[in-house]
> 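Sharing a structure below in structure tokens format, with a few things to ask.
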Protein chains: 2
Amino acid sequence: MKSEKISEFTTGRLSIYLRCLNQLAQEGTETISSQGLADRFNLNSAQIRKDLAYFGEFGVRGVGYDTEGLRQHLTEILGLNRRHRVGIIGAGNLGLALANYKNWEASSFNVVALFDNDRARIGKTSLTQGHAGNNPHGVKIYDVREFPTLARELELEMVALAVPRDTAQAALDMVIAAGIKAVLNFAPAQLEAPDDVKVKTVDLTISLESLSYFLAQPQSEGESDKS
Amino acid sequence: MKSEKISEFTTGRLSIYLRCLNQLAQEGTETISSQGLADRFNLNSAQIRKDLAYFGEFGVRGVGYDTEGLRQHLTEILGLNRRHRVGIIGAGNLGLALANYKNWEASSFNVVALFDNDRARIGKTSLTQGHAGNNPHGVKIYDVREFPTLARELELEMVALAVPRDTAQAALDMVIAAGIKAVLNFAPAQLEAPDDVKVKTVDLTISLESLSYFLAQPQSEGESDKS
DNA sequence: CAATGTGAAACGATTCACAGCT
DNA sequence: AGCTGTGAATCGTTTCACATTG
């Protein structure tokens, strides 16, 4: 166990390990080796051991890792042992799709509110507006001007930004002013934020263009996945 | 100009440069220096020059880069000088949101078909099923069993996978069998594909969990953005 | 003896610093 | 004079290889 700074490469892999351990635990596998894990994704076993070693000595030499034990450790490390309350800004197609996404229930994230500036949407829910999906209750759509108040009242910890590109920075500024420290941004823009706020951008344009680049290569010789 | 292998870090940045150049071109800025570009995102100017130098000598010493010229070069390099026909597998919330996403028109990607295995959805369009959005026509939803035939007929080049995790690999296998070489995967799973097929995974779970990790850190001291 | 935990080596990406051009 | 293009230095990540341990 060191207390160096953990890179996002590492934390991303921790998520992947955890996902795998959840499956293994369900299947009743009691023990797994770093090599056993490495085989499931195309990773190096030393990488896995190093990633885990940042946080403690979880394994048993000659044996491997206890599935359930490691699962609990990773859950704790990633802060997934309690639920996080998420607000979504922008109740367009993407915002609604996110709100109605069925996997939320199984995760440790709860979407508790949508925000929009369009009169026609405010007051409705993700169910009345969007395609029903599997969300049994629907998430209410509030006026975005109420965000500063409601963020506190609803105890939001995270925000997903699903607004058009040209309003993204302003929306982010408002979110930061309300004290939110973690933002998932879907607008195709590099946004500015102070260092104590984590903004993770999911930029579909870049992903698509990287696929386009691959297709444009003469001798399509490329790696698959690597996430 | 070297002919080394280009990393995905580099191509991702090329997308970002291009996005910026499109804006600059519109604003009528004729010339931009690597430093001028670097200032807009928090990048190093040498990085930008290196990225561009992989593909040619586009700049003029003492002056900088011609905005319009570089814009066209990058468009060509990324294969964005022609439109790409995209199919979406899975007409749930996410698939529909993607199909109705308004920015497609302005991009060089066209969503031409949706596929699903749910009787209730097949035959409808993204408009009848989903929230209207800004797509004027709607995209038709086909039976996924027709995919192999239609992929050829519609000349699909790319596929977005918006299906549940446990069916993702099977769907991908079908897509690959139909000769598709570029796939954008939204299922939270590491998928297997041969080397001549590029699979780019957008894993929301990992993004959210990385935010959760950040929040769980005692002295929240972190970087913002970095994509 | 099998599998962890970890220094050391290898690799890759970023940044520096400057020669070379216009 | 100013900015590109690039070799060299730096920094960070991954892999190797092995001593260590249950």
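Side chains are part of it too, since the values below use all heavy atoms of this structure and drop only hydrogens, waters and symmetry mates. Convention: sequence-line order gives letters A, B, ...; per-chain numbering from 1.
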> In whole angstrom, give the distance that lies between atom CD1 of Ile48(B) and atom P of dT15(C).
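Distance check: Ile48(B) CD1 to dT15(C) P gives 10 Å.
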
> Between Asp39(B) (CG) and dC3(D) (C1'), how many Å, whole number?
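From Asp39(B) CG to dC3(D) C1': 14 Å.
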
> Could I get a table of every N or O pair under 3.5 Å where one atom is in the protein and the other is in nucleotides 13-15 of chain D?
residue: dT14(D); atom: OP1; partner: Arg13(A); partner atom: NH1; Å: 3.0
residue: dT14(D); atom: OP2; partner: Arg13(A); partner atom: NH1; Å: 3.3
residue: dT14(D); atom: OP2; partner: Arg13(A); partner atom: NH2; Å: 2.9
residue: dT14(D); atom: OP2; partner: Gln47(A); partner atom: NE2; Å: 3.2
residue: dT14(D); atom: O5'; partner: Gln47(A); partner atom: NE2; Å: 3.4
residue: dT15(D); atom: O4; partner: Lys50(A); partner atom: NZ; Å: 2.9

> Separation of His73(B) atom NE2 from dG5(D) atom P, in whole Å?
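To the nearest whole Å, that distance equals 11 Å.
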
> I would like to know whether Leu204(A) and Leu98(B) meet side-chain contact (heavy atoms from CB on, under 4.5 Å); could you show each step before the answer?
CA-CA 10 Å; Leu204(A) 287 199; Leu98(B) 286 171; 3.7 Å; yes

> Tell me, yes or no, whether the heavy-atom count around Arg40(A) atom CZ, taken from other residues, nucleotides or ligands under 6.0 Å, exceeds 12.
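Not buried by this count: 12 neighbours or fewer within 6.0 Å.
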
> Donor-acceptor pair, Arg83(B) side chain versus Ser107(B) backbone, under 3.5 Å?
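Present.
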
> Identify all pairs in which a protein N or O lies below 3.5 Å from an N or O of nucleotides 18-22 of chain D, and state each distance.
residue: dT20(D); atom: O2; partner: Arg61(A); partner atom: NH1; Å: 2.8

> What's the CD1-P distance between Ile32(A) and dA3(C), to the nearest Å?
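Spelled out: CD1 on Ile32(A) to P on dA3(C) is 11 Å.
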
> Rounded to whole Å, how long is the line connecting atom CD of Glu57(B) with atom P of dT22(C)?
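Those two atoms, CD and P, are 9 Å apart.
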
> Tell me: CD of Gln35(B) to C1' of dC16(C), nearest whole Å?
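Rounding to the nearest Å, CD of Gln35(B) and C1' of dC16(C) are 13 Å apart.
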
> List for me each residue that meets side chain to side chain donor-acceptor pair (under 3.5 Å) alongside Gln72(B), sequence neighbours excluded, and say none if there are none.
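Here the qualifying residues are Glu68(B).
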
> Is there a donor-acceptor pair under 3.5 Å between the side chain of Asn44(A) and the backbone N or O of Ala46(A)?
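Here the side-chain-to-backbone pair exists.
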
> Expressed in angstrom and rounded to an integer, what is the separation of Phe58(B) atom CZ from dT6(D) atom P?
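Rounded to whole Å, this separation is 12 Å.
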
> Hey, is the side chain of Tyr65(B) poking within less than 4.0 Å of OP1 or OP2 on dG5(D), counting only N and O atoms?
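Checking Tyr65(B) against dG5(D): at least one side-chain N or O falls below 4.0 Å of OP1 or OP2.
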
> Applying the side-chain contact (heavy atoms from CB on, under 4.5 Å) test to Leu18(A), which of Asn22(A), Ile16(A), Leu14(A) qualifies?
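Between Leu18(A) and the candidates, side-chain contact (heavy atoms from CB on, under 4.5 Å) is satisfied uniquely by Asn22(A).
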
> dT4(D), OP1 or OP2 - any side-chain N/O from Ser34(B) closer than 4.0 Å?
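Yes, such a contact exists.
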
> Whether the side chain of Thr10(A) engages the backbone of Ile6(A) through a donor-acceptor N/O pair (distance < 3.5 Å, no angle test) should be reported.
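Checking the backbone N and O of Ile6(A) against the side chain of Thr10(A), no donor-acceptor pair under 3.5 Å is found.
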
> Hey, is the main chain of Thr31(A) close enough, under 3.5 Å, to the side chain of Thr67(A) for a donor-acceptor pair?
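Side chain of Thr67(A) to backbone of Thr31(A): a pair is present.
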
> Would you say CD of Glu27(A) has more than 12 non-hydrogen atoms from neighbouring residues, nucleotides or ligands within 6.0 angstrom?
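It does: Glu27(A) CD has more than 12 such atoms within range.
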
